Every structure is written in C-alpha cells, then in structure tokens.
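Any value given below was found using the heavy atoms of this structure, including those in side chains, with hydrogens, waters and symmetry copies removed. Just so it is clear, the model here is predicted, and its values are computed rather than measured.
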Amino acid sequence: VFGKDITLILILNNLSFDHKSVKVDMSASTILYTRRAVAEILKATTSVDLGSKQGKHIRLKIPYSYYGKYLTTDKRIQVTALCEVLNMHGIKLLVEKTIILEDTNIIIKIPRRVVVNKAVTLEISYANPLPEPVNRCVLLVTLMNQQVKIHLARLAPKERSKIYFEFTPRRTGPLQLQVDFSCDKFSHVKGFVTIAVAPA
C-alpha cells in the first residue's frame, strides 16, 4: 500500500544434490507505466550457500523513505534480482517483479436511496498514508459534468479526515461521482462511485 514500507521475499531452491553458492544482486527503481526507469532507489548484494535440495529465503525491505519522493503518479516500482551460481561457468538467472502500489485513501459513502430532484449529502473521507505531514491539500470533485475544487487543511502523519458534499440529482439513472485528492507530497489519488438515482 502506498505510504508503507515494502517487504519482498526471494525464494531460492537448489534442485540438485550438489552444494551451490549463489551471488544475488538486487536493485529497485521507480518506473513509469511504460517501464522506463525514473530513479534507482535500492541496490544490494548478498551471497547464499545452498546445500543438497535446500531452499532459502532472502528478504528485501524498501522503506517508504527510499521511494516516496521518487514515485510518479503511476505508483510503480520494479525490482530485479540477478542470481549467479558461482563455480558453474557463469550460470545466471534474472528475476523481475513490478509492484503497483494501491491507494486506500478515498472512501465515498452514499445514502441507501437517492431520489431525483431531492438534495442528497455524501460523505467523502480522505487520508494521509505517509509518516510525515502533507500540505496544500486539494480535493477535486467531478459530478454531472461539473467540477468543484475544495481546498483542505493540512493533514498530520497517518491522519484521516472527511467532508460532506451536497448536491441535487436532476435525472434518474446511474450517475458517476469522481474524487481526485492531491497534496504537496503526492497527487491524483482517485476514488469513484456510481450512484443509482431513483424516480421521485
């Protein structure tokens, strides 16, 4: 989840009866959706000895403080591990994983029944998932082809807050509400909900 430390586990298994030594070069970079690298955020090297038919786990931790300021709006991190079996004529294995961090910041609560031409109040809650405060918070609400920009107070680390938004639907049927939350540390955290508007 965005704002939290990331823990990955690389599992190495020796499928043979021979003892093996493996050198593992690990790296992590923030990337765009096109897989183009933005910034390298972690580099580590370790060696593992594997006995006959033995398996071992290598844990890799990427703290938020490493990736936070380098993450793009795509919220993607690519991790690679180049495993080289020593004394085996340079046998190498490359393992890659792309991590897409999830947002859990926006929660939209709507009444059980929404009726046309009758005012309705929604509850929109938003959060700062980071271990540091955020400023210049803005909520952009899009509904019925109109946008409302709401400037919000700063949020303390891990703080969740909420606002109430009132509108009157002018037609029956499905209506989509979209919310976009931005601040000085991250941007375009989105939430949306489809509202079923009933006849009067």
Side-chain angles (χ1 to χ4, degrees), residues 1-7 29-39 41 62 64-65 67-79 96-200:
V1 175
F2 173 64
K4 294 188 177 180
D5 296 347
I6 300 165
T7 301
S29 299
T30 56
I31 60 169
L32 300 173
Y33 75 95
T34 58
R35 290 174 63 90
R36 185 169 73 82
V38 175
I41 53 174
I62 309 173
Y64 165 75
S65 58
Y67 72 80
K69 60 184 176 182
Y70 299 111
L71 206 61
T72 70
T73 53
D74 295 330
K75 294 186 176 63
R76 292 170 187 253
I77 295 173
Q78 182 161 303
V79 181
E96 285 187 337
K97 182 170 181 64
T98 300
I99 301 163
I100 303 173
L101 299 175
E102 295 178 6
D103 289 319
T104 55
N105 292 3
I106 304 291
I107 299 171
I108 304 167
K109 291 183 181 177
I110 58 174
R112 188 169 295 172
R113 182 168 163 80
V114 177
V115 178
V116 70
N117 294 325
K118 187 176 178 182
V120 59
T121 301
L122 308 176
E123 180 186 289
I124 302 172
S125 81
Y126 52 94
N128 171 16
L130 308 184
E132 56 189 334
V134 296
N135 299 290
R136 299 197 297 277
C137 302
V138 175
L139 208 61
L140 193 64
V141 180
T142 305
L143 180 68
M144 296 187 294
N145 298 320
Q146 291 187 329
Q147 286 190 333
V148 179
K149 192 174 188 178
I150 305 165
H151 293 273
L152 308 164
R154 76 193 293 272
L155 289 173
K158 306 290 184 183
E159 182 184 1
R160 178 170 285 279
S161 189
K162 59 188 168 187
I163 63 165
Y164 294 92
F165 183 81
E166 185 179 289
F167 75 99
T168 303
R170 296 302 179 193
R171 59 178 177 80
T172 59
L175 198 63
Q176 190 169 85
L177 171 86
Q178 184 170 311
V179 177
D180 187 310
F181 178 60
S182 295
C183 63
D184 63 337
K185 298 287 195 311
F186 54 86
S187 59
H188 304 303
V189 174
K190 297 182 185 294
F192 68 91
V193 68
T194 300
I195 302 165
V197 181

For this session: State whether the number of non-hydrogen atoms from other residues, nucleotides or ligands found under 6.0 Å of E96 atom CD is greater than 12.
Result: yes
Problem set entry | Test side chain to side chain contact (heavy atoms under 4.5 Å, CB included) applied to L71 and I77, step by step | CA-CA 8 Å; L71 206 61; I77 295 173; 3.9 Å; yes
Exercise. Do side-chain atoms of S29 reach the backbone of A37 as a donor and acceptor pair under 3.5 angstrom?
Worked result: no
Seminar exercise, completed: Distance col, row L177:CG vs L122:CG, nearest 0.5 angstrom, shows 6.0 Å
Seminar exercise, completed: When every non-hydrogen atom of R171 is compared with those of V197, the smallest separation belongs to O-CG1, 3.2 Å
Problem set entry | Interatomic distance, I108 atom CD1 to I195 atom CD1 [nearest 0.5 angstrom] | 8.0 Å
For this session: Would you indicate whether the side-chain heavy atoms of I6 and L101 approach each other to under 4.5 Å?
Result: yes
Exercise. Atom CZ in F167, atom CG in L143: separation rounded to 0.5 Å?
Worked result: 5.0 Å
For this session: Identify, with sequence neighbours excluded, every residue that meets side chain to side chain donor-acceptor pair (under 3.5 Å) alongside D184.
Result: none
Seminar exercise, completed: Rounded to the nearest 0.5 angstrom, the CZ-NZ distance for R160 and K162 is 10.0 Å
Problem set entry | Side-chain donor/acceptor of T168 to backbone N/O of N117, under 3.5 Å | no
Seminar exercise, completed: What one should report as the nearest heavy-atom pair of A153 and C137 is O-SG, 3.7 Å
Seminar exercise, completed: The side chain to side chain donor-acceptor pair (under 3.5 Å) partners of R136 (sequence neighbours excluded) come to none
Exercise. What are the two closest non-hydrogen atoms of T121 and Y164, and how far apart are they?
Worked result: CG2-CB, 3.9 Å
Problem set entry | Separation of I124 CD1 from I163 CD1 (nearest 0.5 Å) | 4.5 Å
Exercise. Is there side-chain contact between V179 and F165, with at least one heavy-atom pair below 4.5 Å?
Worked result: no
Problem set entry | F186/V134 under side chain to side chain contact (heavy atoms under 4.5 Å, CB included): CA gap, chis, key distance, verdict | CA-CA 9 Å; F186 54 86; V134 296; 4.2 Å; yes
Problem set entry | CG on N128 to CD on E159, rounded to 0.5 Å | 8.0 Å
For this session: Start with the C-alpha gap between I110 and V120, add the side-chain angles, then the distance that decides, and say whether side chain to side chain contact (heavy atoms under 4.5 Å, CB included) holds.
Result: CA-CA 8 Å; I110 58 174; V120 59; over 6 Å; no
Seminar exercise, completed: Between Y64 and E132, the two heavy atoms sitting closest are OH-OE2, 3.2 Å
Exercise. If every non-hydrogen atom of V116 is compared with every non-hydrogen atom of R170, which pair is closest and at what distance?
Worked result: CG2-C, 3.6 Å
For this session: Over all heavy atoms of both residues, which pair between K4 and Y67 is shortest? Give the atoms and the distance, please.
Result: O-OH, 2.7 Å
For this session: Dump the intermediate steps for side chain to side chain contact (heavy atoms under 4.5 Å, CB included) on L140 and Q147, then the final yes or no.
Result: CA-CA 7 Å; L140 193 64; Q147 286 190 333; 3.8 Å; yes
Exercise. Is there a side-chain contact between K190 and I106, using heavy atoms and a 4.5 Å cut-off?
Worked result: no
For this session: Could you list the residues that satisfy side-chain contact (heavy atoms from CB on, under 4.5 Å) with V115, not counting sequence neighbours?
Result: R113, K118, A200
